[in-house]
Amino acid sequence: MTIRVIIVDDQAMVRAGFAALLAAQPDIDVVGEAADGRAGVEVARTVHPDVVLMDVRMPEMDGLAAARAILDPSTGATRLPKVLMLTTFDVDDYVYEALRAGASGFLLKDAPPADLISAVRIVAAGEALLAPSVTRRLIADFAAQRPAPRRDPSLRLKGLTPRETEVLELIAKGLSNQEIAGRLIVAEQTVKTHIGRVLAKLDLRDRAQAVVFAYESGLVRPGE
């Protein structure tokens with residue numbers, strides 16, 4: 001299946017470079033571009049991509065607001081795309097908020113070309129959070145600084161079985177499905193089944209939101 005991608009970035013050279021790289025892949029089709037967040041939302045709602053590459057800082061509407069608009073379930077869209085934030089280390093706060101809004105991960109804008117291609121495929125498949133070691137540190141830092149949400153998320157953990165709780169903890173620590181399977185000595189398909197149940201019980205869209213939830217609920221402590 002071909003992965004339909006749009007690129008939202010206010011730098012024309014960045015858009016052109018990413019588009020050329022991705023379009024050269026047999027399983028990826030670049031179906032749209034936009035130079036600001038507002039236009040990006042319009043393009044996303046018109047062409048219905050599988051993955052949106054979204055810059056964080058842009059005119060008109062920044063990437064965070066655009067990601068929220070694209071991922072807003074109240075729009076009535078039958079299928080929401082995956083949003084991959086493009087960022088640098090100096091905008092980590094935006095990345096955290098984007099993950100909370102439903103973005104599937106982030107990629108540094110100066111990442112090697114192979115990482116960009118892999119990131120699009122991984123996000124499209126919904127199988128892994130990008131750069132887990134870096135993301136884990138970012139979320140830990142910001143979770144430690146944020147006030148507790150009005151509804152205590154730790155209460156929702158009570159609906160998980162001990163094994164599901166263990167799987168959620170390992171996801172938050174950045175382990176892949178294969179690594180979790182090795183740690184728990186179970187089949188990788190069993191891990192996928194546990195993850196699906198965790199997401200369903202906690203009403204989470206993907207692994208990125210699961211990581212955020214694990215920190216906010218206190219299951220994983222900052223600095224662990």
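Values in this document were obtained by computation on a predicted structure and should not be read as measured data.
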Using side chain to side chain contact (heavy atoms under 4.5 Å, CB included), reason through V5 and F18 one step at a time and then give a plain yes or no. CA-CA 10 Å; V5 177; F18 283 2; over 6 Å; no
Can you name the nearest heavy-atom pair linking [X] to [Y], along with the distance?
X    : Y    : value
I171 : V211 : O-CG2, 3.8 Å
D36  : P59  : CB-O, 3.2 Å
I6   : G40  : CD1-O, 4.0 Å
D55  : M85  : O-CE, 4.3 Å
A19  : E33  : CB-OE2, 3.6 Å
I195 : V167 : CG1-CG1, 3.7 Å

Test item: [X] and [Y] side chains (from C-beta on) under 4.5 Å apart, heavy atoms:
X    : Y    : value
L202 : E164 : no
N177 : R207 : yes
D29  : I3   : no
T190 : T193 : no
D9   : K109 : yes

Could you tell me the separation between the [atom1] atom of [X] and the [atom2] atom of [Y], rounded to the nearest 0.5 Å?
X    : Y    : atom1 : atom2 : result
R45  : I70  : CZ    : CD1   : 7.5 Å
D10  : R57  : CG    : CZ    : 11.0 Å
K158 : S217 : NZ    : OG    : 12.5 Å
D62  : R68  : CG    : CZ    : 8.5 Å
L84  : I122 : CG    : CD1   : 10.0 Å
L219 : E166 : CG    : CD    : 10.5 Å

Please determine whether side chain to side chain contact (heavy atoms under 4.5 Å, CB included) holds for the pair L160 and L157, giving the CA-CA distance in whole Å, both sets of side-chain angles, and the decisive distance to 0.1 Å. CA-CA 6 Å; L160 302 182; L157 284 173; 3.9 Å; yes
Test log, rule side chain to side chain contact (heavy atoms under 4.5 Å, CB included), inputs R163 and L184: CA-CA 9 Å; R163 178 47 61 92; L184 301 180; 3.8 Å; yes
Is the CD atom of Q11 crowded by more than 12 outside heavy atoms at less than 6.0 Å? yes
Would you check if the side chain of S118 reaches a backbone N or O of A114 as a donor-acceptor pair within less than 3.5 Å? no
Pairing of E179 and R183 as salt bridge, 4.0 angstrom limit: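 Judged by the 4.0 Å cut-off on N to carboxylate O distance, E179 and R183 do not form a salt bridge.
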Give a yes or no on whether a salt bridge exists between D50 and R79, defined as a side-chain N under 4.0 angstrom from a carboxylate O.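 A salt bridge links D50 with R79.
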List the steps, then state whether side chain to side chain contact (heavy atoms under 4.5 Å, CB included) holds for L53 with L22. CA-CA 11 Å; L53 291 180; L22 294 173; 3.7 Å; yes
